[in-house]
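To start, the structure itself, in structure tokens.
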Amino acid sequence: YWKDITLLDCWKESVKKYSEREYVVDDRGNRYTYRQMDEAASKVAAFLRKQGVLPGDAVSFQLPIWSEFVVVTIACFMTGAVAHPIAMSYEEKELIRSMNLTESKVYFGPSFFHKTDYASRILAVRERIPSLSCVVIVGGEKPEGNGVLAFTEIMDQADTEKPEIRRTGEDLALILCTSGTTSGTKGVLLTHNNIRYSEEVFTRELGLTSEDIMFMPAPLNHATGFHHGLIAPMLIGAKVVLQQKYRCREAIDLMNRERCTYSMGATPFIYDILRELENGGGELPFLKLYLCGGAPVPGYMVRKAWSFGILLCEVYGSTESVPHVFVRPDEALELNGTTSGRPVEGVEIRVVDDEGNDVPPGVPGEELSRGPNVFVGYLKDKKITDSALDDDGWFHSGDLCVMDEAGNIRIIGRKKDMIVRGGENLNSNEINDRLEGCPGMGDHTVIGMPDDRLGERICAFAVPLPGFEHLKLEDVTGWLCQNGVPKRFWPERLELIDRIPHTGSGKVKKYLLKEELEKRMEGPESND
């Protein structure tokens with residue numbers, strides 16, 4: 001499955017075949033054909049070479065869902081550099097850590113975006129990143145200072161020379177930082193082969209063609225946005241439409257204007273769209289397919305999506321093993337949210353117990369995957385790599401699932417989502433589902449709370465709805481009792497919070513809530 005083909009080879013082939021077809025459109029008015037993108041990226045590549053960027057060097061970019069993100073990505077392929085996209089949420093400490101880890105030579109970022117002064121942020125830390133030779137500001141005013149350039153200055157230059165860069169399929173192409181739910185960030189190393197194979201087989205099994213148009217509202221520094229938003233369309237000569245900040249009604253209008261045929265993102269995106277269509281009116285006549293990742297897709301959403309002519313297909317994977325399981329469109333209605341699907345060609349799956357033994361169909365266990373798409377390690381962290389990627393090439397996801405006789409899996413939570421209370425294993429996601437609809441409770445999640453006697457107890461974090469700012473534990477347990485929920489699923493502590501922290505893909509950052517709970521347990525008792 002691995003070939004000596006790089007993403008630059010794939011890009012050149014697409015430019016040759018689809019030169020005048022549109023590749024990227026964003027909601028800021030920018031439109032690029034494959035030829036125009038090639039010309040723009042060539043200018044950035046020439047600039048990177050002048051900055052001393054060599055094949056294998058890292059280039060960091062902290063950019064919104066803008067077309068410039070794509071320009072810089074293709075420029076990295078052209079120079080043989082390793083792309084290192086950074087989350088917009090990264091602040092000074094995270095910038096220093098991640099860019100020193102990658103030894104980045106150049107940084108691209110906006111001057112100002114969504115109430116944040118990114119230019120001041122990077123300039124405040126640049127002296128603490130010794131490898132960093134240049135800062136490029138995209139959009140807005142360029143601050144004064146040596147080694148600071150405006151993106152427009154690069155675009156104004158004439159140099160588009162394309163010296164031959166020879167990289168192999170096994171060379172690194174990308175470092176993606178995981179948006180961890182149980183720990184901090186890690187640098188996931190992905191080769192040209194990893195990414196190319198993943199998207200070639202994914203697009204083929206979905207039946208996508210150069211006539212398809214994708215709508216991408218998810219951050220491009222995540223696997224969903226990078227792999228499926230940028231690389232997949234590029235491989236088949238398709239088009240991607242970018243929305244810099246997700247707004248539901250504007251997203252519907254944009255998809256209709258650009259005639260988008262499919263989209264992909266976390267469950268909240270499609271949930272909002274369906275609700276808006278239901279309550280606010282309108283339709284999406286061109287959108288035939290929505291690929292949904294980050295959380296299980298309930299059957300009622302599959303049915304509601306189909307009432308608008310949209311096939312809703314669950315997708316499962318991770319940054320380390322980029323979505324390798326999905327529900328095929330022609331099976332979506334029949335399966336109706338009961339499964340995450342089965343693996344793509346070339347990917348193997350095992351479901352194992354705590355001792356690493358395979359479990360029979362119907363028995364929960366940890367999901368392991370092995371295949372051409374699986375990452376090659378975590379950057380400069382052999383210990384964590386060895387704990388997740390074994391000698392036989394199996395990636396240990398940490399996710400619990402159940403496999404059926406047909407090879408479909410259903411994700412039921414994280415291994416770390418299990419609350420072990422008095423020897424009984426309780427799934428925190430199952431408990432959390434039972435809280436849905438509780439009066440006064442907005443966004444909510446459940447975690448394990450340390451307990452000397454039982455090992456763990458159940459703690460619920462909840463955002464109170466207006467008028468319920470003093471929601472009590474007994475209000476919640478009383479409602480659960482009335483609804484016949486067994487007592488073993490009742491929370492034993494309730495913590496009110498302004499906001500449940502989520503990753504960019506919609507998963508709850510439970511490690512932050514565990515830290516918050518520790519602080520609160522050290523102080524006065526709350527409302528448990």
Side-chain angles (χ1 to χ4, degrees), residues 1-3 176 178 188 190-191 193-208 222-224 226-228 231-232 235-236 262 264 267 289-297 302 311-353 356-376 388-390 392-415 505 507:
Y1 293 117
W2 280 0
K3 304 171 185 175
L176 282 185
T178 59
V188 176
L190 295 157
T191 67
N193 271 326
N194 290 149
I195 301 166
R196 177 197 55 77
Y197 180 82
S198 166
E199 298 317 290
E200 275 185 359
V201 70
F202 195 59
T203 53
R204 183 174 71 243
E205 294 194 14
L206 281 169
L208 300 172
H222 288 296
T224 295
F226 193 95
H227 283 62
H228 305 314
I231 303 302
L235 293 178
I236 58 174
Y262 78 112
M264 182 172 184
T267 311
L289 180 65
Y290 189 93
L291 303 162
C292 200
V297 178
V302 175
L311 285 169
L312 184 54
C313 301
E314 186 172 333
V315 176
Y316 165 74
S318 62
T319 309
E320 294 89 344
S321 185
V322 168
H324 55 275
V325 167
F326 72 99
V327 173
R328 274 55 175 180
D330 60 355
E331 299 174 6
L333 298 178
E334 180 186 349
L335 292 173
N336 195 37
T338 59
T339 174
S340 303
R342 62 181 188 278
V344 300
E345 177 194 339
V347 173
E348 302 167 86
I349 281 180
R350 293 174 62 202
V351 184
V352 302
D353 60 22
N357 302 310
D358 291 281
V359 300
V363 176
E366 182 182 5
E367 193 264 0
L368 274 57
S369 61
R370 178 170 71 175
N373 64 313
V374 173
F375 80 131
V376 295
L389 193 61
D390 69 28
D392 292 322
W394 292 99
F395 170 60
H396 296 241
S397 68
D399 288 328
L400 290 172
C401 73
V402 176
M403 184 183 286
D404 65 19
E405 298 283 355
N408 293 299
I409 63 169
R410 178 169 58 88
I411 303 300
I412 58 175
R414 296 282 295 167
K415 281 179 76 176
S505 60
K507 297 177 183 176

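No hydrogens, no waters, no symmetry mates; every other heavy atom, side chains included, goes into these values. These numbers come from a predicted model, not from an experiment.
With contacts defined as side-chain heavy-atom distances shorter than 4.5 Å, the pair Arg204/Ile236 does not qualify. Taking the side chain as every heavy atom from C-beta outward, Val376 and Asn194 approach each other to under 4.5 Å. Between Leu400 and Ile411, every side-chain heavy-atom pair lies at or beyond the 4.5 Å cut-off. Side-chain contact between Val351 and Val402 is absent, with no heavy atoms from C-beta onward closer than 4.5 Å. The side-chain heavy atoms of Glu199 and Val322, taken from C-beta on, include a pair separated by under 4.5 Å. In this structure the side chain of Leu206 reaches within 4.5 angstrom of the side chain of Pro329, judged on heavy atoms. Between Val315 and Met264, the closest side-chain pair of non-hydrogen atoms falls below 4.5 Å. Under the 4.5 Å side-chain criterion, counting only non-hydrogen atoms from C-beta, Val344 is not in contact with Val325.
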Working for side-chain contact (heavy atoms from CB on, under 4.5 Å), residues His222 and Thr319: CA-CA 8 Å; His222 288 296; Thr319 309; 5.8 Å; no
Criterion side-chain contact (heavy atoms from CB on, under 4.5 Å) on Ser340 and Val327, from CA distance to verdict: CA-CA 6 Å; Ser340 303; Val327 173; 5.8 Å; no
Test log, rule side-chain contact (heavy atoms from CB on, under 4.5 Å), inputs His228 and Phe202: CA-CA 9 Å; His228 305 314; Phe202 195 59; 3.6 Å; yes
Intermediate values then yes/no, side chain to side chain donor-acceptor pair (under 3.5 Å), Glu320 and His396: CA-CA 10 Å; Glu320 294 89 344; His396 296 241; over 6 Å; no
Trace of the ring-ring contact (aromatic ring centres under 6.0 Å, His included) decision for Tyr316 with Phe326: CA-CA 6 Å; Tyr316 165 74; Phe326 72 99; over 10 Å; no
Pair Leu368-Ser397, side-chain contact (heavy atoms from CB on, under 4.5 Å): steps then yes or no: CA-CA 6 Å; Leu368 274 57; Ser397 68; 5.9 Å; no
Pair Ser321-Asn373, side chain to side chain donor-acceptor pair (under 3.5 Å): steps then yes or no: CA-CA 6 Å; Ser321 185; Asn373 64 313; 3.2 Å; yes
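Between the CG atom in Leu235 and the CG atom in Leu208 there is a gap of 11.0 Å [rounded to 0.5 Å]. Asn357 contributes atom CG, which lies 4.5 Å from atom CG of Asp353 (distance to the nearest 0.5 angstrom). Atom CZ of residue Arg328 and atom CG of residue Asn408 lie 8.5 Å apart, to the nearest 0.5 angstrom. In this structure, CD in Glu200 is found 10.0 Å from OG in Ser198, a value given to the nearest 0.5 Å. With rounding to the nearest 0.5 angstrom, the CD atom of Glu314 is 7.0 Å from the OG1 atom of Thr339. Here Ile195 contributes atom CD1 and Phe226 contributes atom CZ; the two are 5.5 Å apart, rounded to the nearest 0.5 Å.
Nearest heavy atoms, Val374 versus Ser369: CG2-O, 4.1 Å. Closest approach of Leu289 to Cys313, counting heavy atoms only: CD1-SG, 3.7 Å. Contact record, Gly346 with Tyr197: CA-OH, 3.6 Å, taken as the closest heavy-atom pair. Residues Cys292 and Leu312 come closest through the heavy atom pair CB-CD1, 3.9 Å.
Under the rule for a ring-ring contact (aromatic ring centres under 6.0 Å, His included), Tyr262 has no partner lying at least two apart in sequence or in another chain.
Checked by atom type and distance alone, the side chain of Asp399 never pairs as donor or acceptor with a backbone atom of Glu367 at under 3.5 Å. A side-chain donor-acceptor contact under 3.5 Å links Asn193 to the backbone of Lys3. Between the Asp392 side chain and the Trp394 main chain, no donor and acceptor come within less than 3.5 Å of each other. In this structure, the side chain of Glu205 engages the main chain of Glu345 through a donor-acceptor pair within 3.5 Å.
Salt bridge annotation for Glu366-Arg350: absent, with no cationic side-chain nitrogen under 4.0 angstrom from a carboxylate oxygen. A salt bridge links Arg342 to Glu331: one of the charged nitrogens lies within less than 4.0 Å of a carboxylate oxygen.
Using modelled atom types and a 3.5 Å distance limit, the side chains of Glu348 and His324 yield no donor-acceptor pair.
With a 6.0 Å radius and a threshold of 12 heavy atoms from other residues, nucleotides or ligands, Arg410 has its CZ atom at or below the threshold.
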